[in-house]
Amino acid sequence: MVARVFVITGPSGVGKGTLIRGLMERLANLELSVSATTRAPRPGERDGVDYHFLTREQFDRRVADGEFVEHADYAGRSYGTLRSELEDRVRAGVPVVLEIEVQGARQVRAAMPEAVQVFIAPPSLQALRARLVGRGTDDQTEVERRLRVAEQELEAQPEFAHVVVNDRLDEALERLAGIVAENLD
Ligand code: ADP
Ligand code: 5GP
């Protein structure tokens, strides 16, 4: 069966969102799964577009009702992929991209082994720190928290069939787009 679900994972700040934006510009028929989270919106983030922003109660209710394909706790918040983001698209043959952390990627691997999984790695932990700080969305405590998680996540790299090092953005995008394109037809 042709794989139509693409999981892009890797540590926070590595450039997943940036690469996915580039990917969607190149491959126009791809659609992005909008995740649910209990994290507060960052300035400029829109409900239903960047995330489905849920209260703890709403999130836990959806977990209890079996509405998630995968969900995980990350840096003190919950994140998850709703079945409703995937089911119609998969049925219709529309390729879907998931941008999720490593625990979620493992759950998708178990539930949908045909999904194509790509781990985005930083050239170094120093570069990762610089990107998290440079992005300016997280305070120092949150940056340190994300870097601690990142060290564990980086150890998961060998689990992934595809690893793309995001050193030079244009080269990383070229490789990612190549992996996706070769699994589309
Ligand atoms: P993620 O979605 O993985 O958390 P982002 O896409 O938000 O990461 O990228 C984090 C920061 O790093 C952003 O400010 C982005 O512009 C920058 N960035 C992304 N890729 C590169 C790269 N190859 N070189 C330098 N900076 C990058
Ligand atoms: P952020 O708070 O920076 O938006 O996201 C934090 C982390 O949660 C990132 O690594 C991001 O990829 C991950 N994430 C976003 N959505 C989901 C999701 O639906 N499921 C899982 N497991 N992780 C997610």
Side-chain angles (χ1 to χ4, degrees), residues 5-25 32-54 58-59 62-63 67-86 96-112 115 117-139 141-154 156 160 163-177:
V5 174
F6 296 90
V7 174
I8 313 298
T9 192
S12 179
V14 74
K16 299 184 298 296
T18 306
L19 284 166
I20 288 171
R21 275 194 296 280
L23 188 64
M24 314 274 291
E25 278 171 23
L32 186 61
S33 163
V34 178
S35 295
T37 184
T38 60
R39 144 164 109 53
R42 293 176 180 144
E45 284 186 332
R46 287 174 296 162
D47 187 33
V49 177
D50 299 288
Y51 277 106
H52 300 290
F53 292 102
L54 303 181
Q58 289 170 328
F59 195 98
R62 283 167 171 72
V63 172
E67 289 185 30
F68 285 106
V69 179
E70 62 75 30
H71 63 92
D73 288 340
Y74 174 90
R77 305 288 177 184
S78 295
Y79 295 81
T81 305
L82 291 161
R83 294 188 190 285
S84 55
E85 291 288 323
L86 291 190
V96 195
V97 176
L98 270 57
E99 193 227 297
I100 63 180
E101 52 69 75
V102 167
Q103 303 169 76
R106 289 190 178 118
Q107 293 172 42
V108 174
R109 191 189 304 143
M112 312 177 79
Q117 300 227 353
V118 187
F119 187 98
I120 312 293
S124 66
L125 270 176
Q126 289 87 328
L128 185 63
R129 175 188 294 274
R131 287 180 198 175
L132 276 171
V133 171
R135 187 169 67 182
T137 52
D138 303 284
D139 64 24
T141 313
E142 183 66 21
V143 167
E144 295 308 325
R145 186 145 80 150
R146 286 172 181 244
L147 283 170
R148 278 197 299 278
V149 178
E151 290 191 37
Q152 290 175 3
E153 291 181 319
L154 290 175
F160 292 88
V163 176
V164 172
V165 178
N166 182 18
D167 189 355
R168 281 195 45 188
L169 183 61
D170 52 351
E171 288 174 7
L173 179 57
E174 195 67 39
R175 282 212 49 216
L176 178 62

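Start at 1 and go down the list; that is how both ligands and their atoms are numbered. It should be emphasised that the depicted structure is a prediction, and the values quoted were computed from it without experimental measurement.
For the pair H71 and ligand 2, no heavy-atom separation below 4.0 Å is found. Ligand 1 does not have G134 within reach: every non-hydrogen atom of the residue lies 4.0 Å or more from it. In this structure, S12 counts as a contact residue of ligand 1, since one of its heavy atoms falls inside 4.0 Å of the ligand. Put simply, no part of G136 is less than 4.0 Å from ligand 1, judged by heavy atoms.
If you check each of D167, V165, D138, N166 against atom 20 (N) of ligand 1, the one with the closest non-hydrogen atom is N166.
Of the polar atoms of R168, none of the N or O atoms is found under 3.5 Å from an N or O of ligand 1, judged by distance alone. Between R21 and ligand 1, no pair of N/O atoms sits closer than 3.5 Å.
Among all protein heavy atoms, the one lying closest to atom 10 (C) of ligand 1 is G13 O, 3.5 Å. With respect to atom 2 (O) of ligand 1, the closest heavy atom belonging to the protein is G17 N, 2.8 Å. E101 N, 3.1 Å is the protein heavy atom nearest to atom 23 (N) of ligand 2. Ranking the protein heavy atoms by distance from atom 12 (O) of ligand 2 puts E99 OE2, 3.0 Å first. Of the protein's non-hydrogen atoms, the one nearest atom 3 (O) of ligand 1 is K16 N, 2.8 Å. When hydrogens are left out, the protein atom nearest atom 5 (O) of ligand 2 is Y51 OH, 3.3 Å; that is the closest non-hydrogen contact. If you check which protein heavy atom lies closest to atom 3 (O) of ligand 2, you get R146 NH1, 2.7 Å. When only non-hydrogen protein atoms are considered, atom 24 (N) of ligand 1 lies nearest to R131 NH2, 3.3 Å. Atom 15 (C) of ligand 1 has as its closest protein heavy atom T18 OG1, 3.7 Å. In this structure, atom 7 (O) of ligand 1 lies nearest to the protein heavy atom R135 NH1, 2.9 Å.
For ligand 2, the atoms lying closer than 4.0 Å to a non-hydrogen atom of S35 are 16 (N), 17 (C), 18 (C), 19 (O). Using a 4.0 Å cut-off to heavy atoms of R39, the atoms of ligand 2 that qualify are 1 (P), 2 (O), 4 (O). Of all atoms in ligand 2, numbered sequentially from 1 with element shown, those under 4.0 Å from a heavy atom of G104 are 22 (N). If you number the atoms of ligand 2 from 1 as listed, the ones under 4.0 Å from a heavy atom of K16 come out as 10 (O), 12 (O). Interface atoms of ligand 2 facing G80, defined by a heavy-atom separation under 4.0 Å, are 18 (C), 19 (O), 20 (N).
With a 4.0 Å heavy-atom cut-off, ligand 2 is reached by the side chain of Y74 but not by its N, CA, C or O.
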**OP:** Start with the C-alpha distance between R39 and E45, add both sets of side-chain angles, then the distance that settles salt bridge (charged side-chain N to carboxylate O under 4.0 Å, His left out), and finish with yes or no.
**Re:** CA-CA 11 Å; R39 144 164 109 53; E45 284 186 332; 3.0 Å; yes
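Ring-plane geometry between H71 and F59 is classed as perpendicular, the angle between the planes exceeding 60 degrees on a 0 to 90 degree scale with a lower cut at 30.
No salt bridge links E101 with R106; every basic N to acidic carboxylate O contact stays at or beyond 4.0 Å.
Listed by chain and residue number, V69, E87 satisfy the side-chain contact (heavy atoms from CB on, under 4.5 Å) test with R83 (two or more places apart in sequence, or in another chain).
For the pair R146 and Y74, the cation-pi criterion (under 6.0 Å, within 45° of the ring axis) is not fulfilled.
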